[in-house]
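Along the sequence shown, the residues carry numbers beginning at 1. Just so you know, ligand 1 is whichever comes first in the structure, and atom 1 is the first atom listed for that ligand.
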Amino acid sequence: MSESKQIYRESSPEQAAVRATDIFKTIVRESVAQRQVCHLALSGGTTPRSMYHHLADHALGDNVPWSRVEVYFGDERDVPQDDVESNFGMAQRVLLDHAPIDWSRVHAMRADAEDIEAASREYEATLRHLVPAGPDGVPQLDLVMLGMGGDGHVASLFPHTDILGESHRLVAACHVPVLGRNRMTFTFPLINAARNILLLVTGDDKAEVVERVFKHSDQNLPAARVNPRHGTLHVVLDVGAARLV
Ligand code: 6PG
């Protein structure tokens with residue numbers, strides 16, 4: 001059971017992005033007010049783009065303490081940073097280049113490294129070094145943003161892959177059979193240790209998966225295993241994605 005779960009149903013994808021933006025800002029402000037820093041992980045894919053646009057549009061005037069934010073990534077594809085498929089590249093173009101962040105606090109995953117296994121161990125070491133541990137000894141991020149694929153995957157945790165059962169590693173390299181590609185990803189022990197998880201899902205085409213995750217808690221779907229042990233899960237859906245719940 002999550003310590004707490006909030007589900008928001010918004011009237012359009014645009015409104016869902018506005019809601020997610022508000023939640024993001026509140027968490028950043030509160031984290032910095034309480035602990036002088038906010039450790040957050042961005043998500044990739046297409047869904048967070050309009051939220052990143054909102055954040056970028058108001059980045060200079062909205063009272064978000066960007067210079068105190070440590071930016072991580074929940075997963076990354078095996079492409080160079082300037083590739084259109086790169087999650088880092090997307091976040092940089094849409095958000096990070098427009099916000100007064102401290103670039104020394106941006107931690108890109110190098111899933112394009114020749115030795116992706118070593119690169120993922122290094123990323124995990126960075127997290128262990130920079131992010132204070134929570135009650136169970138695992139680094140406790142203030143916010144982990146997630147999207148959900150049409151097959152119920154989150155980050156790069158895909159259905160029926162071994163990495164779903166990982167209990168030790170916090171960041172790992174994985175092979176995604178449906179894509180035939182390698183990725184680097186946070187694992188569930190790290191995701192579920194977060195203070196806040198923001199899961200943003202939009203689109204009618206995801207309604208049935210949303211129903212299986214939130215009505216039936218179908219554990220075959222990785223999204224159903226998102227369950228912060230000592231934190232809050234904020235689920236933001238648009239009317240299409242929320243159609244069956
Ligand atoms: C990625 C992800 C992934 C994504 C979902 C949803 O790198 O692809 O981080 O988990 O959030 O696949 O993607 P869409 O928003 O494109 O539907």
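Considering every non-hydrogen atom in both A155 and I191, the closest pair reads CB-CD1, 4.5 Å.
L198 is listed as a side-chain neighbour of M51, based on a closest heavy-atom distance under 4.5 Å. In this structure the side chain of I116 reaches within 4.5 angstrom of the side chain of M184, judged on heavy atoms.
For atom 15 (O) of ligand 1, the closest non-hydrogen atom of the protein is T47 OG1, 2.4 Å. For atom 12 (O) of ligand 1, the closest non-hydrogen atom on the protein side is H153 NE2, 2.7 Å. Atom 8 (O) of ligand 1 has its closest protein heavy atom at R77 NH2, 2.7 Å. Nearest protein heavy-atom contact of atom 9 (O) of ligand 1 is D75 OD1, 2.7 Å.
Taking a cut-off of under 4.0 Å to the non-hydrogen atoms of G149, the atoms of ligand 1 that pass are 5 (C), 6 (C), 12 (O). Distances below 4.0 Å separate heavy atoms of G44 from the following atoms of ligand 1: 9 (O), 11 (O). Counting the atoms of ligand 1 from 1 in the order shown, those under 4.0 Å from a heavy atom of V154 are 10 (O).
Close N/O approach between S43 and ligand 1 is not found [any backbone or side-chain N/O within under 3.5 Å].
The option with the heavy atom closest to atom 3 (C) of ligand 1, from among A155, G45, A111, is A155.
For R35 and D142, the salt-bridge test passes: some basic side-chain N is under 4.0 Å from an acidic carboxylate O. We find that E117 and R121 are joined by a salt bridge, their nearest charged nitrogen and carboxylate oxygen being less than 4.0 Å apart.
Using a 30° and 60° split on the angle between ring planes, H234 and Y8 fall in the parallel class, below 30°.
Within the structure, ligand 1 has K206 among the residues with a heavy atom less than 4.0 angstrom away.
The ring pair (Phe, Tyr, Trp, His ring centres under 6.0 Å) search around Y123 returns none, not counting sequence neighbours. Applying the ring pair (Phe, Tyr, Trp, His ring centres under 6.0 Å) criterion to Y52, with sequence neighbours excluded, gives no partner residue.
Contact annotation for M148 and ligand 1: only backbone heavy atoms (N, CA, C, O) come within less than 4.0 Å of the ligand.
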